[in-house]
Amino acid sequence: MRSMAWWHGIDARKHVVRNPECHGCIRFMRDELEAKSSTFRFLNEHLGKKVNKLRNSMLTQRELDEAKRYAREAMEKKREE
């Protein structure tokens, strides 16, 4: 994903974020790649679920729960603003 972002001139660190912890988050990279790269969209559609499953298998249930909680809280703060 980083190679494809580099190829398309995407730098996730340039995004303005409300939370300093989100600076450089790969979600920004992924969102831009979705918009700019048909190759990325194809790969994400066909391999994305398998990659997510592999990533999740490397985390404990506690880590997954914490990540989901953190994402929910970040989205709630965004809606309040």
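Count residues from 1 along the sequence. Both backbone and side-chain heavy atoms feed into the values below; hydrogens, waters and symmetry mates do not.
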dist Met1:CE -> Ile10:CD1 (nearest 0.5 Å) comes out at 9.5 Å

- Shared hydrophobic cluster, Met4 / Leu47 (ILVMFWY, side-chain heavy atoms < 4.5 Å): yes

- Should the heavy atoms of other residues, nucleotides or ligands under 6.0 Å from CZ of Arg62 be counted, would the total exceed 12? no

### Query
Is Arg69 atom CZ crowded by more than 12 heavy atoms from other residues, nucleotides or ligands, each under 6.0 Å away?
yes

**Asked** Should Phe42 and Met29 be counted in the same cluster of Ile, Leu, Val, Met, Phe, Trp and Tyr side chains packed under 4.5 Å apart?
**Response** yes

The reported gap from CD in Glu63 to CD in Gln61 (rounded to nearest 0.5 angstrom) is 10.0 Å

Hits for side chain to side chain contact (heavy atoms under 4.5 Å, CB included) against Asn44, two or more places apart or cross-chain, chain-then-number order -> Glu34, Phe40

Output for pair (Leu64 CG, Met58 CE), nearest 0.5 Å, gives 11.0 Å

Interatomic distance, CG@Asp31 vs NZ@Lys36, rounded to 0.5 Å, equals 11.5 Å

To the nearest 0.5 Å, atom CG of Leu59 lies from atom CD of Glu66 at 12.0 Å

Nearest heavy-atom approach of Leu33 to Arg41 is O-NH1, 4.4 Å

